[in-house]
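Here is the naming used below: chain letters follow the sequence lines, and residue numbers restart at 1 for every chain.
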Number of protein chains: 2
Amino acid sequence: MRPGLKRRVKTARPDSTKSRESGSTKGAAPATGPGSEKYQRILDAAVEVIAENGYFSSPVSAIAKRAGVADGTIYLYFKSKDDVLRTAIDATFNKFHKQVEDEFKTLQGPREQLEYIAQVHLESHAVNRSMAILMQTEVRQSAKFIAEFSHHHLVKYIQVVREVVRRGQQEGIFRGDVSDGVVAHCMFGAIDELLSSAVFTGRVYDAKTTAAQVIDVLLHGITAES
Amino acid sequence: MRPGLKRRVKTARPDSTKSRESGSTKGAAPATGPGSEKYQRILDAAVEVIAENGYFSSPVSAIAKRAGVADGTIYLYFKSKDDVLRTAIDATFNKFHKQVEDEFKTLQGPREQLEYIAQVHLESHAVNRSMAILMQTEVRQSAKFIAEFSHHHLVKYIQVVREVVRRGQQEGIFRGDVSDGVVAHCMFGAIDELLSSAVFTGRVYDAKTTAAQVIDVLLHGITAES
DNA sequence: TTAGAGAATGAACCGCAGTTCATTCTTGGC
DNA sequence: GCCAAGAATGAACTGCGGTTCATTCTCTAA
């Protein structure tokens with residue numbers, strides 16, 4: 001049987017008592033474009049649901065339900081299920097990179113820059129808990145399609161830290177006998193693990209204070225008396 | 001149609017030219033028990049296949065094929081697909097903990113103990129690359145059933161490091177004004193990230209040298225001149 | 001009021017993959 | 001050689017879930 005020959009029976013629509021909050025706040029909203037309100041609602045719903053159940057245990061139908069739309073509607077806004085997740089992750093990383101880039105214009109000291117990165121990274125938990133969970137679970141591979149593109153963002157993060165470290169070494173602020181790569185990975189890993197642990201245990205912390213502690217350890221080590 | 005009423009047609013088995021390497025090296029092998037050779041082959045195959053494709057993109061049939069057994073055979077040795085992965089991860093963690101525990105009997109200095117943990121952790125890449133990949137991808141959640149039990153192993157790791165740090169603080173070797181928890185997470189995170197990066201980029205390193213570098217940074221920091 | 005264009009819907013399609021189990025193969029004792 | 005008893009097999013079962021698309025709804029312009 002070819003599809004499209006014998007479909008639809010549909011026992012008369014129940015009745016249109018759906019909420020329908022499309023008050024159309026703007027005259028010319030971009031319809032199904034990225035600016036649309038429904039577009040954002042689907043993204044948020046996807047992040048929430050996937051954070052709770054994991055990508056492969058989150059049917060599109062569950063995401064649609066959370067967003068208050070029909071299953072098929074999601075495909076008006078996104079190419080596929082993958083695309084929804086990819087878009088959400090991309091947006092988060094881009095926001096992070098932009099925030100750091102902007103701040104670096106006025107914050108010039110290597111030590112201060114490292115501390116700022118640590119702080120923003122640690123703050124992500126409070127900014128959007130679901131997204132933080134998602135980052136700790138789905139981004140670290142498990143699905144090949146995520147692996148490839150998110151790896152790129154991670155590399156960019158490491159690059160930024162490396163450059164700061166290298167500059168600090170050139171300025172004589174940091175030791176020159178340690179690899180900037182190792183330092184960058186150590187710093188990223190330390191912060192990420194702290195965040196991860198907080199996410200999974202539900203522990204809360206102050207991002208500024210914790211960032212200061214991490215950078216303190218990174219800069220001075222844990223050996224007694226200097 | 002009830003199952004079991006009209007099954008099997010089977011066009012005569014092709015011919016029994018299967019390898020059949022069951023030379024039965026031991027007189028009384030425990031059949032389908034955990035000691036069996038086939039049991040181990042299934043575990044190894046599962047780790048390999050899942051490392052390559054991810055858990056949810058690894059059909060049981062693919063694992064069976066890699067192990068050289070029929071799909072159904074896996075269910076003679078394991079309760080479910082989950083069970084295979086769980087068993088493999090458990091075994092790896094248990095081996096790690098045992099190795100550390102044993103070495104600690106003769107290696108008593110806090111600094112040396114931290115370095116040893118770092119080294120073993122970093123060595124895991126060389127010991128079993130597939131398992132290292134699996135640890136970096138599947139263990140960090142994405143599937144709820146893995147989350148729960150693997151979290152337990154991670155907590156145990158952190159506990160061990162915390163105790164070493166605390167002892168170092170009591171002995172006056174380490175600073176007492178930094179949280180042992182933060183230090184433990186920093187150390188674990190740093191090493192894990194280094195390993196992760198190596199796993200995904202294919203970069204190789206010497207575990208002993210790298211471990212020494214990480215511990216050096218952790219102990220002395222990256223600030224110039226002491 | 002009404003036509004029609006586009007947004008939204010959700011049932012149906014379809015393929016996949018975890019698990020089962022009737023059947024076949026293998027082994028070891030007689 | 002023969003016959004249980006257990007190991008192994010793999011086709012079939014089953015349910016799930018991503019995606020499609022015929023149909024319905026909504027909204028604007030004439």
Output the rounded distance in Å from [atom1] ([X]) to [atom2] ([N]).
X: B:Asp71; N: C:dA17; atom1: CG; atom2: C1'; value: 10 Å
X: A:Leu76; N: C:dA7; atom1: CG; atom2: P; value: 8 Å
X: B:Asp82; N: C:dA17; atom1: CG; atom2: P; value: 16 Å
X: B:Ile42; N: D:dA7; atom1: CD1; atom2: P; value: 13 Å
X: B:Phe56; N: C:dG18; atom1: CZ; atom2: C1'; value: 12 Å
X: B:Arg41; N: D:dA8; atom1: CZ; atom2: P; value: 9 Å
X: A:Leu85; N: D:dG18; atom1: CG; atom2: P; value: 12 Å
X: B:Lys81; N: C:dT20; atom1: NZ; atom2: P; value: 15 Å

Contacts of A:Arg166 meeting side-chain hydrogen bond (donor to acceptor under 3.5 Å, both in side chains) (sequence neighbours excluded), chain-then-number -> A:Asp180
Apply side-chain hydrogen bond (donor to acceptor under 3.5 Å, both in side chains) to A:Thr209 and list each qualifying residue two or more places apart in sequence or on a separate chain.
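Scan of A:Thr209 (side-chain hydrogen bond (donor to acceptor under 3.5 Å, both in side chains), adjacent residues dropped) gives A:Asp206.
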Give the intermediate values and the outcome of side chain to side chain contact (heavy atoms under 4.5 Å, CB included) for residues B:Asp192 and A:Glu193.
CA-CA 9 Å; B:Asp192 206 51; A:Glu193 164 60 23; 5.8 Å; no
Under 4.0 Å from OP1 or OP2 of [N]: is there any side-chain N or O of [X] that close?
X: B:Ser61; N: C:dA17; value: no
X: B:Tyr77; N: D:dA8; value: yes
X: B:Lys38; N: D:dA7; value: no

Among C:dT9, D:dT19, C:dG18, the one nearest B:Val60 by side-chain distance:
C:dG18
Please tell me which of the listed nucleotides, D:dT20, D:dT9, C:dA8, lies nearest to the side chain of B:Ala70?
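Looking only at side-chain atoms, B:Ala70 lies closest to D:dT9.
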Rounded to the nearest 0.5 Å, what separation is found between the CZ atom of A:Phe200 and the OG1 atom of A:Thr137?
6.0 Å
